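What follows is a set of notes on a single structure, which appears directly below.
Lettering of chains follows the sequences in order, A, B, ..., and the numbering in each one begins at 1. What you see is a predicted model, and the numbers here were worked out from it, not measured in a lab. Computed from heavy atoms alone, side chains included, the values below leave out hydrogens, waters and symmetry copies.
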Protein chains: 2
Amino acid sequence: MPMEAIKWLGDRVRVLDQTCLPAEEIYLELSCYQEVASAITQLKIRGAPAIGVAGAYGVALGALQIKATDKDIFVEELKAITQALASTRPTAKNLFLAIDRLWQIAKKGGDVGQIKQALLDEAVKIHAEEAEATRRISQLGVGLIRDGATILTHCNTGALATAGYGTALGIIKQAKDESKKIKVLVTETRPLLQGARLTAWELKRADIPFTLITDSMAGYFMGRGEVDLVIVGADRIALNGDTANKIGTYSLAVLAKENDIPFYVAAPTTTVDPSLASGDEIPIEHRSPDEVTHIQGLRIAPDGINVANPAFDVTPHQYISAIITERGVIKEPYGEGLGFP
Amino acid sequence: MPMEAIKWLGDRVRVLDQTCLPAEEIYLELSCYQEVASAITQLKIRGAPAIGVAGAYGVALGALQIKATDKDIFVEELKAITQALASTRPTAKNLFLAIDRLWQIAKKGGDVGQIKQALLDEAVKIHAEEAEATRRISQLGVGLIRDGATILTHCNTGALATAGYGTALGIIKQAKDESKKIKVLVTETRPLLQGARLTAWELKRADIPFTLITDSMAGYFMGRGEVDLVIVGADRIALNGDTANKIGTYSLAVLAKENDIPFYVAAPTTTVDPSLASGDEIPIEHRSPDEVTHIQGLRIAPDGINVANPAFDVTPHQYISAIITERGVIKEPYGEGLGFP
């Protein structure tokens, strides 16, 4: 049975709580936009494409919550709802794009009842499009993986992160579907351990051989010639190909370049931000120090100390061998090839 | 009051249990070589220079435990003791060197009573020499740190790791002693968190400003130009300067090179292995998968998965700007400059 990270149930959205994995598989039913916003903030739903889909459902749910029948009042109230959802997390482009798509529809047309239905339809459409995009990415990207390859990946980019088939992890699963004999090196991805908790859980379910390592071990295996390629996802891609992704991605890209290992980014075009010429402009989320000083509530460092916790870093395009979107395997110069969603 | 990681008490050795820090400061009194071996294996004592000192006291204690008065029997029994102590951990050179120094004395001379005393004297001498070497390293290395510098360091290389003043962390403490305004970026050092647990604890005690980061964040700060230099310790150094140190060191060295940041190794010459031409020959310890899948007993990954856990990696000498030993700040070509202990 395929796992569905996000599922629309007609009047509410069901999500698999990613903070409880792998210990427990707990499904949450969110019936108002506030619950969706809170689930995104708390990382119960995470991964750039998945929070785009969740944000869209959040707006649709928010619209259903509005009692006003006057269109101007409705639009005003909806505006506040879109702002609340857009302020949950700052880096992933998909969230803002999905919310804006629904906002444009709300402003455009019909009476309030029609708008509510149109928003719902659009959210479902966004979900379907994102799922389809990850299918295409997987099919296009699998050509980069030779039989017998060892692939290093970072963070989680599978069904959990995309509400679809996956981006980097989608390509890896596609290789398995095509009976390529692959092995995966999974970085645990501190501080929140999305690799150890989520990617390990997805790969185990998919019966794909993998080895879990700490983030600091990636260089060891690259230096020994035991990694054939690196594939990661993305949270925002600038027009020149500079890519924001989970903290630690830049280090992996530098290590890959130093060891002549191809380094690929896989993401739907909804992750591309056509308003940004380069990665310097991508806003980086800084999260709570507790994520570094504690692991699942357990203190691992002295109290009263300074901590930094940037959740993402930016990998300059020079380190990226190709970006795989649903439109193709795109190489430098990026710009036009990345297209606009 | 200065903290003493290892202290000889006349007929037993007292050590600060590093597995309990920073939550608890627990001192253990070890009165037989088996307890010393066990403390090294379990990382209650860790850090290449510190386990050298502990190994020496272990041999001296083992000699006291032998009841035989016949020298041949004594030497035979002592041989088994040195072998047990030498098999505790494979990578740090200091351990083997210290044990061998005592073994040469045992083989040489006098009656059993005289040998026992000579071994004890030699262990105390090794401890004093190692402490003095770290003092010299700190004084020699401090010249590399300009006022206002931000220093990135990895793992723990202070009083805990050296039973002296420290190597990399000794240099950092010396800069503070000389009133240089410095800041330190401390990598947490997964899997066993020696940075988060031990270096953070030592820096807090020394009142040196620092910021704790995950290992994956080092590249982020280097890429932003926020790191002026990197200093780390070493577990074994080959004649060409290739250096085995805590897993993750190689990644930091590559990132430093890519960002034109000086990368220094600080270690006493007892860490140099004159029998090895290059780092390829350094044996790398692989430790229990549990260290990766669990943090202080808490499971953080699915069960029944493959895990790799190399405890060290080797940084080729090309990435090292200089090696600081008690003999000086040594640059390429290393060989002779490193000297033999």
Check: For A:Lys246, is it the side chain, the backbone, both or neither that has a heavy atom under 4.5 Å from a heavy atom of chain B?
Finding: neither

Notebook entry, point to check: If we ignore angles and hydrogens, is there a donor and acceptor under 3.5 Å between the side chains of B:His317 and B:Asp242?
Noted result: yes

Check: What residue, out of A:Gly223, A:Ala200, A:Ala308, A:Pro289, has the most heavy-atom pairs lying under 4.5 Å from chain B?
Finding: A:Ala308

Item checked: Residue A:Leu193 versus chain B: region with a heavy atom under 4.5 Å -> side chain

Check: Of the backbone (N, CA, C, O) and the side chain (C-beta and beyond), which part of A:Phe221 lies under 4.5 Å from a heavy atom of chain B, both, or neither?
Finding: side chain

Item checked: chain A contact via B:Asn259 - side chain, backbone, both or neither, heavy atoms under 4.5 Å -> side chain

Notebook entry, point to check: At a heavy-atom separation under 4.5 Å, does A:Leu298 approach chain B through its side chain, its backbone, both, or neither?
Noted result: side chain

Notebook entry, point to check: Would you call B:Asp147-B:Lys180 a salt bridge at under 4.0 Å N-O?
Noted result: no

Notebook entry, point to check: Is B:Arg287 paired with B:Glu285 through a side-chain N to carboxylate O contact shorter than 4.0 Å?
Noted result: yes

Notebook entry, point to check: Checking A:Arg299 against chain B: side chain, backbone, both or neither under 4.5 Å from a heavy atom?
Noted result: backbone

Margin query: Using heavy-atom distances under 4.5 Å, tell me whether A:Ile284 contacts chain B through its side chain, its backbone, both, or neither.
Written below: side chain

Margin query: One pair to check against salt bridge (Lys or Arg N to Asp or Glu O under 4.0 Å): B:Glu291 and B:Arg190. What are the steps and the verdict?
Written below: CA-CA 9 Å; B:Glu291 294 180 353; B:Arg190 278 280 286 149; over 6 Å; no

Margin query: Please check this pair: side chain of A:Asn245 against backbone of A:Asp313, looking for a donor-acceptor N/O pair closer than 3.5 Å.
Written below: no

Item checked: Pi-cation contact, A:Tyr165 with A:Lys173 (under 6.0 Å, within 45°) -> yes

